[in-house]
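The chains referred to below are lettered A, B, ... by the order of the sequence lines, with proteins before strands, and numbering in each begins at 1. These figures come from a predicted structure and were not determined experimentally.
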Amino acid sequence: MSDIYENIMELARRRGFIWPASECYGSVAGFIDYGPLGSMMKRRIEDTWREFYVVREGYYEIECPTIGQEDIFIASGHLKGFSDKMCQCPHCSEYLRADHIAEGNGVKGASSLDCEGLGQALCTLPCPACGEVLGDVQVYTFNLMFQTTIGPGSQRKGYLRPETAQGMFTDFQRLLRFYRDTLPFGAVQIGKSYRNEISPRQGMIRLREFTQAEAEIFVHPAEKKHPNFSRYAGYRMPLLGIEQQQGETAALEITMREAVDSGLVANEYVAYYLALTHDLLVTVGVNPEKLRFRQHLPDELAHYAEDCWDAEIFSERFGWVETVGIADRTDYDLKAHAAQSGERFTVFIPYETPRKERRVRVIANMGALGPRFRGKAKEVADALAEAVPGRDGVTIKVGGEDVFISPDLYQVREEEVDIPGEEITPHVIEPSYGIDRMIYAVLEHNYSEETVNEEERRVLRLPPGVSPIQVAVFPLMNRDGLPEIASEITARLKAHRIMAEYDDSGAIGRRYRRQDEIGTPFALTVDYETPDSGTVTLRDRDSMQQVRVKVESLPNLLRSLLNGSSSFASLKSV
RNA sequence: GCAUCGAUGGUCUAGUGGCAUGACUUAGGCCUUCCAAGCCUAUAGCCCGGGUUCAAUUCCCGGUCGAUGCACCA
């Protein structure tokens, strides 16, 4: 089968975008290497992501270890929730989810049984694949996290992170201080995550080591209006809500303002990042015709989440591929880490004016308590402060014993106190991007084959902002001083931080084709007019048109073409 | 993980129990005044391990990778 995927991956391998990892020892499924051009392209896509999230939104990037200690993943739920109870049918060798079979046969609470319990529950049940009674079947857990140990001979367990998100949660207090104790704020991380997938296959779509770009935005639970919502309020894009999916009707093509007001999207924050994500994906080269946003159905939605949408990108090969998840995770993650660590994961929110509250205080008379209770006096005083005395004394518990305290040992004072504010646990808005999937989508959506002069021409129509090489520089002929001029222009462009590549090998047409194939948007050719006129031809990858431009104008001209502030079509020859 | 099929220079491919094809690419040279032109030369290959055999890239077994179908996910 010669489909688009194979053609793209063949090109990607041949030209140094993507290689199977460690080929000399035989590759392992789920691992890939990014070659020279792939790394460059990946970094440009990540930088575009940074442009959106770090520069524009102001959510600073942090970098946390990829190995985490066990507590992190106890809190996050990955240790429990990320492991599946598996068994294998002894008759047909089918690989099965043990808890699913048990539950399907009416075993209540099967998901909370341990392996032994599940094994017992299964022994009389039929295999859903072959129908034979499972009998004495081994149930074992398969956790999708890679495990390791920390330190030599240490029993201390470590896990390779299955997502980058936990780092932003574990650093919450530091981040909160960094942002001077004010909501909302956000932090992002771009980095590797690891999942020991059962069946990785599908090339770069399901990897065991992959790159995520995640943002965690901490907001006040009662204030989910995005301060810059106006930026995307009028942004219109197709939304496939729960209703549209269940009714199998077309996606709603509405603005973000309408989406929030109609209740389709839970709040402005979620809607804002839906639109931003659409904007970002289209900017890096995803075809908007092949992009949709799908809301999680009630049975997909995590119990704690308020709303969750996936950006799905259509691939000729893989169908709709989940590439970005955008969720309002409420306070689940922070509360979980608070419970596990015993640390504070809250923000103090002062009231606009402190609230007055009447309070009854019990003030111990230490002069009398001291001599009477001696060493226990402090304990008694503390217990009194918590107590609610009756008219003639109060009985409190000290060291497990009831002790009666008569009214002469304390005073009851009613007073008004100022409550300056409250501790709240922020809610978390989480946009989470699979960078590798984005890269594949960009390659697939921009790959094209066409016939020019009865020759096949393969072009990657990458947006200039993500092309690995930004401009190619050729001498028309390999003599008469043209190579020297072209080399000099190349060096000058590089000095302006433009990724230029010099090439003098083969016929000019071949050199254009070579660059077309790796997506280089522009090519300069030094010809026989150059020495006299100080001009070169500038050729556009997509239209194959040329204009003649002044050499000294090149850095600025290319800069504006590359960042999109001017277009090739608007250029005129000098 | 299981079942089925496959794996030959960088890429695509022919073929074989006994010197392994061809094309494209790449490098060097000649030529060449703007879209894979031509000529010469060179580099480079039978996925890995074991078995059968005088001899295995070929046959057998196991593994790895890839494709397709079944359960989880960015």
Which nucleotide sits closest to the side chain of A:Ile508: B:C35, B:U25, B:A27?
B:C35
A:Arg14 near the nucleic acid: base, sugar-phosphate alone, or nothing, with a heavy-atom cut-off under 4.0 Å?
sugar-phosphate
Describe the nucleic acid contact of A:Arg539 in one word from base, sugar-phosphate, nothing, applying a heavy-atom distance below 4.0 Å.
base
Residue matched to B:C65 through Watson-Crick or wobble contacts both under 3.5 angstrom
B:G6
If pairing means Watson-Crick or G-U wobble with both distances under 3.5 Å, then the partner of B:A14 is none
I want to verify a distance call: between B:C12, B:U33, B:U26, whose nearest atom is closest to the A:Arg514 side chain?
B:U26
Taking atom types as they are modelled, would you say the side chain of A:Arg437 forms a donor-acceptor pair with the base of B:C73 within the 3.5 Å cutoff?
yes
Would you classify A:Glu456 as touching base, sugar-phosphate or nothing, given that sugar-phosphate means primed atoms plus P, OP1 and OP2, and contacts are heavy atoms under 4.0 Å?
base
For B:C73, does the base pair up with any side-chain atom of A:Arg206 as donor and acceptor (N or O, under 3.5 Å, distance only)?
yes
Length of the line joining A:Gln546:CD and B:C34:P, which is rounded to integer Å:
10 Å
Quick check for you: among B:C35, B:A74, B:A37, whose closest atom lies nearest to any side-chain atom of A:Arg513?
B:C35
Within the 4.0 Å heavy-atom criterion, would you say A:Arg457 contacts the bases, only the backbone, or no part of the nucleic acid?
nothing
Base paired to B:C39 (Watson-Crick or G-U; both N/O distances under 3.5 angstrom):
B:G29
Complement of B:A44, any strand, by Watson-Crick or G-U distances under 3.5 angstrom
none
When we call it a touch if two heavy atoms are under 4.0 Å apart, what does A:Tyr440 touch: a base, just sugar-phosphate, or nothing?
nothing
